[in-house]
Amino acid sequence: MAERITPRSTDHSQWYLDVIREAGLADYGPVRGTMVIRPYGYAIWERIQQGLDGMFKATGHQNAYFPMFIPMSFLEKEKQHVEGFAPELAVVTIGGGKTLEEPLVVRPTSETIINHMFSTWIQSYRDLPLLINQWCNVVRWELRTRPFLRTLEFLWQEGHTAHATAEEAQEETLRMLEVYRSFAHDEAAVPVVAGRKTEREKFAGADASYTIEALLGDGKALQSGTSHNLGQNFARAFHTQYLDTNNTLQHVWQTSWGLSTRFIGAIILTHGDDSGLRLPPRLAPIQVVIVPIYRDDAGKAAVMAAVDELRAALGTSVRLHVDDRDERPGFKFTEWEIKGVPLRIEIGPRDVEQGVVTVARRDDGSKTTVPRADLPGRIGALLDAVQDGLYAQASAFVADNTHAADDEASFTAALARGGFVRVLWAGGSEDEAAIQEAHGATIRCLPFEQPDAPGKCFYTGKETSTVALFARAY
RNA sequence: CGGGGCGUGGCGCAGUCCGGUAGCGCGCAGCGUUUGGGACGCUGAGGCCGGAGGUUCGAAUCCUCUCGCCCCGACCA
């Protein structure tokens, strides 16, 4: 049997594409740079949606939906915004066979159209804060695409809020970044570094941008979720104003924050191995798969009786799938490993005879024997163990691939090893641009966790205590 | 936008240099044997060779034009 998944060490990029294909996550669409998310991949997205949506609701947000078509003139109202997005806009110029009066932009993000509506909804300080989230698709005409990581169209959620004060907006910005951080950590078992973006890297139209940055298996960083403090930039452009308690007209203070199907790419690239996908149990569409093993009809009856009993005992406590297809066991083992199912339970004649089941863990490949009657009581702990195992492996990887540098020579050396490079930083945007030109690396963020150990900037030599994380990025 | 690769049954490819009845593996369907780490046998279905022109008695193959996709690099969630 030919190997269907290229080993990571041979060609990491090819490995990534092989896993997506073999695990049935996605297919290429007929148009360059587009992707079809297949049911198994979409099920992961649904898990992500469910988890995040609950967290948004718990923090007081409501879902709504805004149109995909945005008048071109809206984009042009905020200078930084249009400059940032102009190169990657898809624009509709014909509708119903007629050239349109005004071209329509297919939303690359919805700040403008949402402000247009907010400006009509918000009159008074009593209307604030306004906390809205939208689940939708957006389009950015990228040149270089990769499934999940960068496609012309992708799915995401975008939160948009309006507040009475700058302080409230800043609190909201950081609150939602923390939602992303804890989601990545607790649900996806993806370790991330939370921090602030530099001026150069921030969102077009924001006062400040914050990010969670993951470090993926090939040593490159991935911006996995972002939260922006928009200040009053869009409020001024769209006259989004309210009357305060002194009957004075004020511009609102705003935030926006987003997490996309790119996050599925982060999961694949954080946890995957040469056998395929490895999914964190909390996000896995199928947490446990049962593979019955038998030789003949009589054996099958005995095994399936045990399977049915176990299925009934587990009930709805886990997302369970029984693979009763007419295929050989080895085939099924391999297939479910490719799909990254956290736990596989094998039940064969020997297990039935001894009243046990064989449990295989996807995080470490181990196989153990568990009395069948004990399994329902232990399944939760087993899933937690896989979740923890994946997180431990991922965070050890980040630790092993984060290096400090204190001058350009050690910076170059650290970058060559891949991963995050921690430096003291006092440079400006021009310095950052020069470093990107020379080394292909950018500042991923200025981490919130700052050790407060003053020293010299590795690049400019100026005194500073600011730590920056550099990396090559997707 | 630069560099490279590729378009031939559902998928992966050979055939193209050197024109002559379109082939292989996987997958798929049926039957049988199998089943504790990607099984095997037999039978079968399925392709106007990306598209358009041209050369030729004859084009997957040669010529011209064109469309598309993938990978790598610069820009980007």
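All values derive from a computational prediction rather than experimental measurement. In what follows, chains are A, B, ... by sequence order, proteins preceding strands, each numbered from 1.
If you check every strand for non-hydrogen atoms under 4.0 Å, Lys300(A) touches nothing. Within the nucleic acid shown, Val138(A) has no heavy atom closer than 4.0 Å to any nucleic acid atom. Gly29(A) comes within 4.0 angstrom of nothing in the nucleic acid, heavy atoms only.
Evaluation of atom-type donor-acceptor distances gives a pair under 3.5 Å for the side chain of Arg344(A) against the base of rG37(B). With hydrogens and angles ignored, a donor-acceptor pair closer than 3.5 Å exists between the side chain of Glu337(A) and the base of rG37(B). Taking only distance into account, the side chain of Lys367(A) never meets the base of rG36(B) through a donor-acceptor pair shorter than 3.5 Å.
Taking the six-membered ring for Trp and the full ring otherwise, Trp425(A) and Phe470(A) have centroids separated by under 6.0 Å.
Partners of Asp27(A) under the salt bridge (charged side-chain N to carboxylate O under 4.0 Å, His left out) rule, at least two apart in sequence or in another chain, do not exist in this structure. By the side-chain hydrogen bond (donor to acceptor under 3.5 Å, both in side chains) test, Arg311(A) pairs with Asp308(A), sequence neighbours left out.
For the ring pair (Phe, Tyr, Trp, His ring centres under 6.0 Å) condition, the pairs that include at least one residue of residues 327-351 of chain A, sequence neighbours left out, are His321(A)-Trp336(A). For residues 15-25 of chain A, the side chain to side chain donor-acceptor pair (under 3.5 Å) pairs, not counting sequence neighbours, are Thr6(A)-Asp18(A), Gln14(A)-Asp18(A), Asp18(A)-Arg21(A).
Residues from residues 346-354 of chain A that place a heavy atom under 4.0 Å from any atom of RNA chain B, listed by number: Glu346(A), Gly348(A), Pro349(A), Arg350(A), Asp351(A). Contacts between residues 255-267 of chain A and RNA chain B, defined by a heavy-atom separation under 4.0 Å, are made by Ser260(A), Arg262(A).
Proximity of Arg328(A) to the phosphate of rA39(B): a side-chain N or O atom is located under 4.0 Å from OP1 or OP2. OP1 or OP2 of rC71(B) has at least one side-chain nitrogen or oxygen of Tyr28(A) nearer than 4.0 Å.
Residue Thr261(A) comes nearest to Phe154(A) through the heavy atom pair OG1-CB, 3.6 Å, listed as atom of the first residue, atom of the second, then distance.
For Pro329(A), the side-chain atoms get nearest to rG36(B) when compared with the rest of rG73(B), rG36(B), rG38(B).
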